[in-house]
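Structure first, then comments.
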Amino acid sequence: MIFQALAFYLFALVAVGSAVMVISSRNPVHAVLFLILTFFNAAALFILMGAEFLGMILVIVYVGAVAVMFLFVVMMLDINFAELRQGFLRYLPIGAVVGLVLLAELLVVLGGWTFAPDASASVQSPAPGLEQVTNTRALGLLIYTHYLFLFQGAGIILLIAMIGAIVLTLRRREGARRQDIAAQVARRPADSVEVRKVPSGRGV
Amino acid sequence: MAELWATLIWPVLWTAIKIVIIVGPLMLAIAYLTFVERKVIAAMHLRKGPNVVGPFGLLQPMADGLKLLLKETVVPSRANRSVFVIAPMITFILALVAWAVIPFGEGLVLANINVGILYLFAISSLGVYGIVMAGWASNSKYAFLGGLRSAAQMVSYEVSMGFVIITVLLCVGSLNLSDIVLAQKGSWGLFNWYVFPLLPMAVIFFVSTLAETNRHPFDLPEAEAELVSGYNVEYSSMTFALFFLGEYGNMILMSAMTSVLFLGGWLPPFDVVPLNWIPGPIWFALKIAACLFVFLWVRATLPRYRYDQLMRLGWKVFLPISLVAVVVVSGFLVASGMAPGAR
């Protein structure tokens, strides 16, 4: 038990600390690297709570794919750090208001837990407890059995977003040479090679 | 005090001992993989390979390691110092931590977690960070180009690898690596291994592991002909050695993953008397060695892919095939009533 508590405080501290570094570090690449560290610690917290499937998926999807693309883009950008700092005070009030609203919402949710401890029992069709099924199966039951249509709807929305992004950025460039593998494979020696007898000193 | 010993200190100590038992032979295997690679390729080229240091050149890896250890670590003047030093460490550590979930035999596993295969997949998808960070922190054109290529390549091949793993998981019904091996146990011996029913998937998986470990014919991040050697140009001494060890460690890890998913892990080919006397870890090591031999064979045989062809193979060939395979395999399992969850 004491080990779990120690691990929790370690991961929570590192997560909060690196989250602060994400917004305060001067170099944007360092900021992304700290963001990755934050993701990592969040995944570790998931695992501590017994949600190992979610923790692993967080690492695979966010750290393994999304953050790589992020890093990729940030490294390619030529950013003027001084310019980035400008207008920090001007945008501070808006950011503070957004932060306060989020904090208030969190307080309402957590306050609800404290004032009405049995509120979580009234949730519609909760997942079966961890003592009955494994984590992965519980999540599968919830997503693919109880809420299949909502899940499919979310998938369709993502698909449409993807198609939209492709349509917006796709352009056919004139004169670009593309490799046509089928045409290359279908080529016969007779189509492409011609054997000629060249008389010496005359050329073709 | 006695309670503290029993509940906290002894478990930690015992785990540390087990980690040493796994990592020690692993480091030796990595060192000798470099030697075997040179010998095997030399044999395929009709050369002799390293044969001067020690009998048959057997001490060559030690000599190489000592040489790298004694060299000077050079940090380029405008490099990003902290990231530059952390990058090789990440590569090396990731190549080691993945071994925590690999089952060497029935019950012979450091951490028998329920989502073992996801853990392996997550760790292998993190490997890209060492390379990208090294490329960026070196503040050098060639290293940066190598890092960018590697980022795009590893992310692309991971997708089809994920779908291949899903087809295996559909047949097993569990994400636990020991369960995956035990599901391949049957009266038909080696014909129960998934390499036969899922042969196209096994081939796609193996080719994707070649791309994931930046090996030939997909070693574009370190294409020496065009990028002088890619992401690790600016590295010297131990920092370079860590990249090197990490790459070879990843090769062994990917071979182990192939063995667990498709070659029946620690199971003997047939459960008959002389074969099942040999303990499981030895069968597992033999299968890993066979996969590694194919890694080296490919390197000695095939020319390097062009970059656009590499991307085409990943996104336009492997991804559609593996996607269709997920649908076909799950459809077949449901239709034939062989799906593991149907019981």
Side-chain angles (χ1 to χ4, degrees), chain A residues 1-4 6 25-30 32-34 36-37 39-40 43-44 46-47 50-77 130 133-141 144-145 176-182 184, chain B residues 4 7-9 11-12 80 82-83 86-87 90 94 101 111 113-129 131-133 135-137 144 147-156 158-159 161-162 165 169 173-176 179 306 308-309 311-313 316-317 340-341:
Chain A
M1 250 9 250
I2 187 166
F3 186 72
Q4 274 198 343
L6 282 178
S25 62
R26 292 189 166 274
N27 191 328
V29 173
H30 287 180
V32 176
L33 292 176
F34 275 116
I36 293 161
L37 189 60
F39 282 149
F40 238 116
F46 268 130
I47 293 169
E52 69 250 16
F53 184 81
L54 279 181
M56 290 300 159
I57 291 293
L58 185 73
V59 173
I60 292 171
V61 174
Y62 280 88
V63 183
V66 175
V68 173
M69 289 300 143
F70 229 68
L71 202 61
F72 199 94
V73 172
V74 168
M75 281 178 178
M76 304 278 276
L77 291 178
L130 278 183
V133 293
T134 65
N135 215 291
T136 318
R137 182 175 279 268
L139 211 62
L141 279 176
Y144 294 107
T145 309
R177 288 163 163 268
R178 286 180 186 281
Q179 188 177 18
D180 187 352
I181 303 266
Q184 285 181 347
Chain B
L4 195 68
T7 56
L8 195 65
I9 300 174
V12 171
N80 198 310
S82 51
V83 180
I86 292 172
I90 289 183
L94 286 177
V101 295
I113 59 176
N114 276 333
V115 288
I117 189 70
L118 279 182
Y119 174 82
L120 271 187
F121 191 57
I123 295 294
S124 73
S125 70
L126 294 180
V128 63
Y129 281 110
I131 293 174
V132 174
M133 283 165 72
W136 178 78
F144 189 52
L148 289 185
R149 280 184 177 186
S150 152
Q153 170 181 336
M154 289 170 94
V155 170
S156 312
E158 237 164 62
V159 185
M161 241 170 106
I165 290 176
L169 295 182
S174 165
L175 275 73
N176 186 313
D179 288 351
R306 212 172 60 203
D308 60 320
Q309 292 172 333
M311 284 296 157
R312 175 183 171 275
L313 185 69
K316 294 188 181 170
V317 180

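Sequence lines set the chain letters: A, B, ... in the order given, protein chains first and strands last, and positions in each chain run from 1. All values derive from a computational prediction rather than experimental measurement.
- Here the side chains of A:Met75 and B:Phe144 are in contact, with some heavy-atom distance below 4.5 Å.
- Between the side chain of B:Tyr129 and the main chain of A:Gly64, no donor-acceptor pair closer than 3.5 Å is present.
- Applying the side-chain contact (heavy atoms from CB on, under 4.5 Å) criterion to A:Phe53, with sequence neighbours excluded, gives A:Ile57, A:Asn135, A:Thr136, A:Leu139, B:Val115, B:Leu118, B:Leu175.
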Item to complete: Check the pair B:Arg312 / A:Ile181 against side chain to side chain contact (heavy atoms under 4.5 Å, CB included), numbers first and verdict last.
Response: CA-CA 10 Å; B:Arg312 175 183 171 275; A:Ile181 303 266; 3.2 Å; yes
Practice prompt. Start with the C-alpha gap between A:Phe40 and B:Leu126, add the side-chain angles, then the distance that decides, and say whether side chain to side chain contact (heavy atoms under 4.5 Å, CB included) holds.
Written response: CA-CA 11 Å; A:Phe40 238 116; B:Leu126 294 180; 3.3 Å; yes
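- Among all heavy-atom pairs drawn from A:Phe72 and B:Leu148, the shortest one is CE1-O, 3.5 Å.
- Neither the backbone nor the side chain of A:Leu58 comes within contact range of chain B; no heavy atom of the residue lies under 4.5 Å from a heavy atom of that chain.
- Annotation: A:Phe70, atom CZ; neighbour count of heavy atoms from other residues, nucleotides and ligands within 6.0 Å does not exceed 12.
- Between A:Val29 and B:Met133, every side-chain heavy-atom pair lies at or beyond the 4.5 Å cut-off.
- The shortest distance between side-chain heavy atoms of A:His30 and B:Asn80 falls below 4.5 Å.
- Residue B:Val83 touches chain A through its side chain alone, counting heavy-atom pairs closer than 4.5 Å.
- For the pair B:Ile113/A:Glu52, no side-chain contact is recorded, criterion being any heavy-atom separation below 4.5 Å from C-beta on.
- Neither the backbone nor the side chain of A:Ala43 comes within contact range of chain B; no heavy atoms are under 4.5 Å apart.
- We find the CG-CZ distance between B:Asn114 and A:Arg137 to be 11.5 Å, quoted to the nearest 0.5 Å.
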